[in-house]
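Take a look at the structure set out below.
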2 protein chains.
Amino acid sequence: MDPRALETLRAVRTQGGVTAAADVLHLTPSAVSQQVAVLARDVGVALTERVGRGLRLTPAGEALADAALDVAVALERAQAACDGFLAAPRGTVRVSAFASAAQLFLPRLLSRVPHGVDVECADEDVAQADFVGLTDRIDIVVAHRPDGAGSWGDRVRVVPLLREPLDVAVPTGHRLAGQETVHPAELAGEAWISVREGFPISTVLAAVAAASGTEPRIVHRINDFHVASSLVAAGHGVSLLPRHSHGGGEGVRLLPLTGVRAGRRIDALLRPDRAERLVVRSVLDELCALAAEIDG
Amino acid sequence: MDPRALETLRAVRTQGGVTAAADVLHLTPSAVSQQVAVLARDVGVALTERVGRGLRLTPAGEALADAALDVAVALERAQAACDGFLAAPRGTVRVSAFASAAQLFLPRLLSRVPHGVDVECADEDVAQADFVGLTDRIDIVVAHRPDGAGSWGDRVRVVPLLREPLDVAVPTGHRLAGQETVHPAELAGEAWISVREGFPISTVLAAVAAASGTEPRIVHRINDFHVASSLVAAGHGVSLLPRHSHGGGEGVRLLPLTGVRAGRRIDALLRPDRAERLVVRSVLDELCALAAEIDG
DNA sequence: CCGACGATGTAGCGTGGCTGCATGGATCCC
DNA sequence: GGGATCCATGCAGCCACGCTACATCGTCGG
């Protein structure tokens with residue numbers, strides 16, 4: 001019952017395959033396959049079953065993968081118990097954030113981390129369903145989800161950072177630009193600039209449009225808010241942009257929505273075992289404090 | 001952070017030394033020493049310190065050993081999670097009991113265990129302080145302690161099996177043999193047959209004697225209740241014997257004590273990680289049921 | 001002061017796990 | 001429908017890690 005093999009099994013589950021698991025574990029697919037084979041032989045139950053050209057975990061495999069998480073947590077706790085006797089937390093922490101949050105958080109986070117702690121940043125913008133998978137490669141994943149969307153599941157630790165309202169961005173010359181707020185009904189017929197399918201904000205737009213009673217007319221799908229903002233400024237449509245992290249832009253006016261609650265939640269996602277590491281905790285604490293500052 | 005090394009560290013603590021730990025782990029002292037050395041190098045803190053010609057754990061070592069227990073528990077839970085998908089629990093369980101409990105429990109326990117489960121019995125009669133250490137070698141340790149004695153510590157799981165009154169054993173020709181019960185005051189001046197220093201019942205005798213107001217006159221120290229019973233029968237003294245497991249004897253009469261609560265508790269001691277094993281649980285359940293039968 | 005005990009280094013061997021490559025299915029797409 | 005592709009899995013070979021055996025050093029008892 002090798003913890004490394006258990007970790008490998010978990011990776012196979014979360015990454016959805018041997019090859020993908022091998023990727024995050026920095027191993028060859030062969031090694032991964034052998035590890036789960038040995039594991040299955042040890043416990044005497046099949047842990048995986050072929051499905052198509054891939055595989056999935058059997059119920060026993062699922063149960064073992066769940067238990068593997070507790071093993072990993074216990075091991076990290078053991079490590080932390082010793083690190084507590086050292087002077088200060090040291091080590092490197094990998095942090096990722098989707099583009100706009102990266103701009104909002106990462107520069108200020110980097111200037112806050114104490115000496116001896118290395119923070120490796122990355123901007124990872126993935127579809128909603130893929131944020132959790134990132135936690136295998138990255139210690140702290142800053143992710144976002146629309147208000148009221150389902151949670152991230154019970155296999156990751158979720159630390160809420162911020163709730164950010166989504167405003168309607170219109171060009172300064174727009175017929176609505178003079179208003180202080182805007183109601184969904186006033187937006188019927190507008191040309192919308194949304195994000196790619198599956199990305200967090202797209203469902204919010206659908207909800208806003210539903211409140212206006214009409215199907216939204218989406219003319220562009222742009223993930224980068226800077227680009228979207230520029231397109232809005234140039235009069236190519238209106239868009240939903242986050243109030244704090246829209247990336248700023250000339251020629252654009254943000255109008256808070258009334259009559260409908262539109263916003264996104266920004267959460268930090270961590271694997272429970274990684275969350276036990278003292279270095280990770282220290283960086284996470286800074287991130288939370290930073291979020292509190294921004295919110296306040 | 002190898003779980004095997006963590007287990008080794010725990011063994012060094014409970015067994016009180018490298019050599020003793022190597023013994024229960026079936027390793028050479030050199031291997032044990034190397035494992036803790038590597039572990040200490042990994043975490044960057046000294047885990048042990050020399051004291052005399054032996055060693056003891058540093059505070060960090062203690063903390064890590066505590067955490068190691070949780071790791072072991074998590075690993076066994078993982079194993080159990082898979083075993084739950086197998087038909088029935090299989091494997092071998094080592095059970096030990098002190099002599100009189102061995103006679104009381106083991107024969108009936110062996111005839112109760114389900115097929116596929118091997119129970120390896122041993123009669124281990126050790127001093128009170130050494131019962132806990134046995135759990136490193138043996139899955140279920142049946143131990144006893146006097147009423148009101150301190151607990152076994154928080155590093156072992158304790159399952160109470162039975163409370164057994166201790167009666168005064170007198171020869172059938174004794175002046176008190178005709179009575180139904182006996183009071184401590186009536187026992188002043190008697191010659192006592194006790195057990196070796198440090199063994200569970202000796203403190204109870206001290207308590208009984210204290211109730212009679214006199215120092216007990218101990219003329220023999222016999223651990224085996226059969227031998228003690230024979231000596232009583234032959235008129236060489238009186239003794240405190242457990243009501244159910246005294247081993248039977250001709251020419252001896254057991255008188256319940258009044259005015260003082262004299263008894264011993266019989267507990268099953270398990271390492272928390274071993275307690276997670278399904279086979280162990282099944283045997284333990286049988287043992288509890290057996291104890292309930294005897295008690296009732 | 002010598003003998004015994006207990007922990008710790010060192011050399012050498014064996015085993016276990018990983019890489020690289022080849023194989024066997026299953027799916028996609030033209 | 002058939003070739004190309006992707007994915008998991010066997011197999012040989014190599015490397016490294018951990019154990020044993022033996023030697024050494026320090027400490028306690030007689």
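Letters A, B, ... are given to chains in the order of the sequence lines, protein chains preceding strands, and every chain is numbered from 1.
Heavy atoms only, all atoms of each residue included: A:Val24 and A:Ala11 are closest at CG2-CB, 4.3 Å. Between B:Arg10 and B:Ala72, the shortest heavy-atom distance links the atoms NH1-CB, 3.9 Å. Minimum heavy-atom separation, B:Ala143 to B:Leu269: CB-CD2, 3.8 Å. Between A:Trp152 and A:Gln128, the shortest heavy-atom contact is CZ3-O, 3.6 Å. When every heavy atom of A:Ile222 is checked against every heavy atom of A:Val195, the shortest pair comes out as O-CG1, 3.4 Å. Contact detail for A:Leu47 and A:Val36: the closest heavy-atom pair is CD1-O, 4.2 Å.
Between A:Asp2 atom CG and C:dT15 atom C1' the separation is 14 Å, expressed in whole Å. Rounded to whole Å, the distance from CG on A:Leu57 to P on D:dA8 is 12 Å. Taking atom CD on A:Gln35 and atom C1' on C:dT19, their separation rounds to 13 Å, with Å as the unit. When rounded to the nearest whole Å, the span between CZ of B:Arg56 and C1' of C:dG6 equals 16 Å. Taking atom CD on B:Glu49 and atom P on C:dT8, their separation rounds to 12 Å, with Å as the unit. For the pair A:Asp42 CG and C:dG17 C1', the computed distance is 13 Å after rounding to whole Å. Across the protein-nucleic acid pair, A:Leu25 atom CG and D:dA8 atom C1' stand 16 Å apart, rounded to whole Å. When rounded to the nearest whole Å, the span between CE of B:Met1 and P of D:dC17 equals 17 Å.
In the helix from C:dC1-D:dG30 to C:dC30-D:dG1, the end axes, each obtained as the rotation axis mapping the C1' atoms of four pairs onto the next four within a five-pair block, lie 30° apart to the nearest 10 degrees.
Listed by first and then second residue, the salt bridge (charged side-chain N to carboxylate O under 4.0 Å, His left out) pairs involving residues 60-82 of chain A are A:Arg13-A:Glu62, A:Arg13-A:Asp66, A:Arg77-A:Glu276 (not counting sequence neighbours). Listed by first and then second residue, the salt bridge (charged side-chain N to carboxylate O under 4.0 Å, His left out) pairs that reach into residues 113-130 of chain B are B:Glu124-B:Arg137, sequence neighbours excluded.
The side chain of A:Thr19 contributes no N or O atom lying less than 4.0 Å from OP1 or OP2 of D:dC6.
The number of heavy-atom neighbours closer than 6.0 Å to CD of B:Glu49, taken from other residues, nucleotides and ligands shown, is above 12.
In this structure, B:Arg281 contributes its side chain and B:Ala275 its backbone to a donor-acceptor pair below 3.5 Å.
Note: A:Ser282 OG to A:Arg90 CZ = 11.5 Å, rounded to the nearest 0.5 Å.
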Using a cut-off of under 3.5 Å, enumerate the N/O to N/O pairs linking the protein to nucleotides 25-30 of chain C.
none

Collect all protein-nucleotide pairs involving nucleotides 20-24 of chain D in which both atoms are nitrogen or oxygen and the distance is under 3.5 Å.
residue	atom	partner	partner atom	Å
D:dT20	OP2	B:Thr28	N	3.0
D:dT20	OP2	B:Thr28	OG1	2.8
D:dT20	O4	B:Gln34	NE2	3.4
D:dA21	N6	B:Ser30	OG	3.0

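The pair A:Arg4-A:Glu7 does not meet the salt-bridge criterion, since no charged nitrogen lies less than 4.0 angstrom from a carboxylate oxygen.
Ring orientation note: the planes of A:Phe98 and A:His144 are close to parallel, at an angle under 30° on the 30°/60° scale.
With A:Asp273 as the partner, the side-chain contact (heavy atoms from CB on, under 4.5 Å) test is satisfied by one option alone out of A:Val280, A:Leu75, A:Val73, A:Thr135: A:Val73.
Contacts between residues 5-15 of chain A and DNA chain C, defined by a heavy-atom separation below 4.0 Å, involve no residue at all.
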